[in-house]
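Presented below is the structure to which this report refers.
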Amino acid sequence: MMEPNYKDRSVEVERTEVHKKSDSSVVASTFIKYAAYIIIIFGILFFLVKYVFPMF
């Protein structure tokens, strides 16, 4: 019967480290892309509120 704190010393554990590489140019281009999406969406909303809704 094994005790709860029993550790098998014959097993070797292989540890691998995963390093995430962050390319700043990819991050910057993604930020610019989504910022452009937001500006376009706000431009469309502004156009609707300023010119289309007053017609009704």
Worksheet item: Roughly how far apart are S24 OG and F31 CZ, rounded to 0.5 Å?
Response: 14.0 Å
Discussion item. Using the side-chain contact (heavy atoms from CB on, under 4.5 Å) definition, which of the options I44, L45, I39 pairs with I41?
Written reply: L45
Worksheet item: Any idea how F47 and Y51 line up, ring-wise: parallel (<30°), tilted (30 to 60°), or perpendicular (>60°)?
Response: tilted
